[in-house]
Amino acid sequence: MSSRGAASSSGGPQLGTSDSSKRISKKPKYSRFTQQELPACKPILTPGWVIATFVAVGIVFIPIGLASLFASQRVVEIVHRYDQECVPPIFSSDQLAYIQSSITNKTCTKNFTVPKRMKGPVYVYYQLDNFYQNHRRYVKSRSDTQLRSKAGELDISNCKPEATTGNNSPIVPCGLIAWSLFNDTYGFSMKNKVLNVSKKNIAWKSDQEHKFGSDVYPKNFQSGGLIGGAKLNASIPLSEQEDLIVWMRTAALPTFRKLYGKIETDLEANDEITVVIQNNYNTYSFGGRKRLVLSTTSWIGGKNDFLGIAYLTVGGFCMFLAIGFILLYVIKPRPLGDPAFLSWNRNPSGIMN
């Protein structure tokens, strides 16, 4: 007895309840939230509610689908593929040699007939197929810091192999995206009169004002031995070179259109348009295709039937289900249970007996 008392008084290890008192319980503290006892909306899907919901969705979606489809059908669009037709017959078996040669004539003339009246502005697009602007290395091959400010001219870490010239001078704008700038050109005329194509306001204002600096000018661009695409005017800041700004907004899919310009005048039905194409851009090395597109717009944008068809499909399917449930409810009804016997009505707190 005396030895235990001495051990206790001398500060030795305590036995019994001292160890258990130091243990912390991992059991969560009780609350109505952790036990899911808070009041909640627990709707009962009666036939009336289900049928009414499907009918409401159908009534809303079907008119929207019809309006979208009608607006898309009103868009007048002329699409013409020219990459094959603009190759001379003697180069039909070696198209790559034709496009890479510096002495071959790249001029190509085509005539189009306007199918319906096209109210201005008529938007001119170029469409590329099988061109993967979403490739990871291609998308990263740019310098936003360099594009935004002259102070970032030397920020070219992500731009290889189009980062510097042979004497290590920085290229502005650097990277593969700018280097591969589209360089086909189109000239339009009708009844021996030139149709002017406006290049103003074809790029996003946010890009012009925030992504491309007004003090950044092209420097050493397309000056190497291998030219990728169009050249830039070294006396015009990047914020005003809208063709470049449009091209630098990379596309998510391998088939895409980019705005080339706008024809501000109206085009009447059966008008004959002559287009002089400079077929410079090399899509032959990777099996790409080039198309020229003239299009009007509507309140939903360009010609696109998918949105209207999608709304009509969903709305029609909901109406079909509503009619089916109505017939089933009328022909072979089932008695409904009394909601008062549901567990959450018998025990409002949610605790089962």
Heavy atoms, side chains only, cut-off 4.5 Å: are Ser68 and Phe306 in contact?
no
In Å and rounded to the nearest 0.5 Å, what is the CE to CD1 distance from Met319 to Ile59?
6.0 Å
Any side-chain heavy atom of Tyr132 within less than 4.5 Å of one from Phe286?
no
Who are the side chain to side chain contact (heavy atoms under 4.5 Å, CB included) partners of Leu259, not counting sequence neighbours?
Tyr123, Tyr125, Ile202
Are Phe325 and Tyr329 in one and the same hydrophobic cluster, where Ile, Leu, Val, Met, Phe, Trp and Tyr link if side-chain heavy atoms are under 4.5 Å apart?
no
So how far is it from Asn130 CG to Thr255 OG1, rounded to the nearest 0.5 Å?
7.5 Å
Has the side chain of Ser141 got a donor or acceptor atom that lies under 3.5 Å from a matching backbone atom of Arg137?
no
Atom CG of Leu195 and atom CG of Asp271: how far apart are they, to the nearest 0.5 Å?
9.0 Å
Contact between Leu69 and Asp305 at the side-chain level, heavy atoms closer than 4.5 Å - yes or no?
yes
Are Glu272 and Thr113 side-chain neighbours, meaning at least one heavy-atom pair lies under 4.5 Å?
yes
Test: Arg257 and Glu77 ion pair at under 4.0 Å
yes
Test ring-ring contact (aromatic ring centres under 6.0 Å, His included) on Trp247 and Phe131 and set out the steps.
CA-CA 13 Å; Trp247 179 257; Phe131 192 112; 5.6 Å; yes
So, Ser101 side chain and Ala97 main chain: donor-acceptor pair closer than 3.5 Å or not?
no
Hydrophobic clusters here meaning ILVMFWY residues chained together by side-chain heavy-atom distances under 4.5 Å, can you tell me if Ile177 and Val216 are in one?
yes
Presence of salt bridge, Asp83 and Lys290, under 4.0 angstrom
no
How many angstroms lie between atom CZ of Phe221 and atom OG1 of Thr165, to the nearest 0.5 angstrom?
13.5 Å
Check whether Ile326 and Leu321 end up in the same hydrophobic cluster, where Ile, Leu, Val, Met, Phe, Trp and Tyr are linked by side-chain heavy atoms less than 4.5 Å apart.
yes
Leu244 and Pro173: which non-hydrogen atoms are nearest, and at how many Å?
CD2-CG, 4.1 Å
Same apolar cluster (I L V M F W Y, side chains within < 4.5 Å links), Tyr126/Tyr281
yes
Would Thr109 and Ile277 count as a side-chain contact (heavy atoms from CB on, under 4.5 Å) here? Give the steps.
CA-CA 6 Å; Thr109 303; Ile277 303 171; over 6 Å; no
When you measure from the side chain of Glu242 to the backbone of Asn201, do you find a donor-acceptor pair of N or O atoms at a distance under 3.5 Å?
yes
Show your reasoning for whether side-chain contact (heavy atoms from CB on, under 4.5 Å) applies to Ile227 and Asn183.
CA-CA 11 Å; Ile227 305 300; Asn183 62 344; over 6 Å; no
Between Pro115 and Val76, is any pair of side-chain heavy atoms under 4.5 Å apart?
yes
How many angstroms lie between atom CD of Gln133 and atom CG of Leu253, to the nearest 0.5 angstrom?
11.0 Å
Cationic tip of Lys199 above Tyr260 ring, under 6.0 Å, 45° of axis
yes
Is it possible for you to check whether Lys110 lies under 6.0 Å from the centre of the six-membered ring of Phe112, through NZ or CZ, and within 45° of that ring's axis?
no
Is the closest side-chain heavy-atom distance between Leu336 and Pro47 below 4.5 Å?
yes
Tell me whether Asn280 contacts the main-chain N or O of Asp184 through its side chain, where contact means a donor paired with an acceptor under 3.5 Å.
no
Taken in chain and number order and not counting sequence neighbours, the residues that satisfy salt bridge (charged side-chain N to carboxylate O under 4.0 Å, His left out) with Lys211 are Asp207
Determine whether more than 12 heavy atoms belonging to other residues, nucleotides or ligands lie under 6.0 Å from atom CZ of Arg81.
yes
For atom CG of Asn192, is the number of surrounding heavy atoms from other residues, nucleotides or ligands below 6.0 Å larger than 12?
no
For the CH2 atom of Trp179 and the OH atom of Tyr138, what is their distance to the nearest 0.5 Å?
9.0 Å
Testing the 3.5 Å rule here: is there a donor-acceptor pair between the side chains of Gln241 and Asp243?
no
Any heavy-atom pair between the side chains of Lys106 and Ile99 that's under 4.5 Å?
yes
Can you see which heavy atom on Ser295 is nearest to which on Val75, and at what distance?
OG-CG1, 3.6 Å
Evaluate whether atom NZ of Lys303 has more than 12 neighbouring non-hydrogen atoms of other residues, nucleotides or ligands under 6.0 angstrom away.
yes
Work out which heavy atom in Lys258 is nearest to a heavy atom in Arg249; give both atom names and the distance.
NZ-O, 2.6 Å
Side-chain (Tyr98) to main-chain (Ile90) donor-acceptor, under 3.5 angstrom:
no
Is there side-chain contact between Pro161 and Leu176, with heavy atoms separated by less than 4.5 Å?
yes
Main-chain N/O of Ile171 paired with Asn220 side-chain donor or acceptor, under 3.5 Å:
no
On a heavy-atom basis, which atom in Tyr217 and which in Ala234 lie closest, and how many Å separate them?
CD2-O, 3.6 Å
For side-chain contact (heavy atoms from CB on, under 4.5 Å), just list the numbers for Ile263 and Phe188, CA-CA rounded to whole Å, side-chain angles, deciding distance to a tenth of an Å, and then say yes or no.
CA-CA 9 Å; Ile263 299 175; Phe188 298 87; 4.3 Å; yes
Residue pair Gln84, Arg289: steps toward the side-chain contact (heavy atoms from CB on, under 4.5 Å) verdict
CA-CA 8 Å; Gln84 297 289 340; Arg289 296 174 292 277; 5.9 Å; no
Is there a continuous path of hydrophobic side-chain contacts, each under 4.5 Å between heavy atoms, that joins Met190 to Ile78?
yes
Between Ser143 and Cys174, which heavy-atom pair has the shortest distance, and what is it?
CB-SG, 3.8 Å
Can you list the residues that meet the salt bridge (charged side-chain N to carboxylate O under 4.0 Å, His left out) rule with Arg148, with sequence neighbours excluded?
none
Can you name the nearest heavy-atom pair linking Val172 to Glu153, along with the distance?
CG2-CG, 3.8 Å
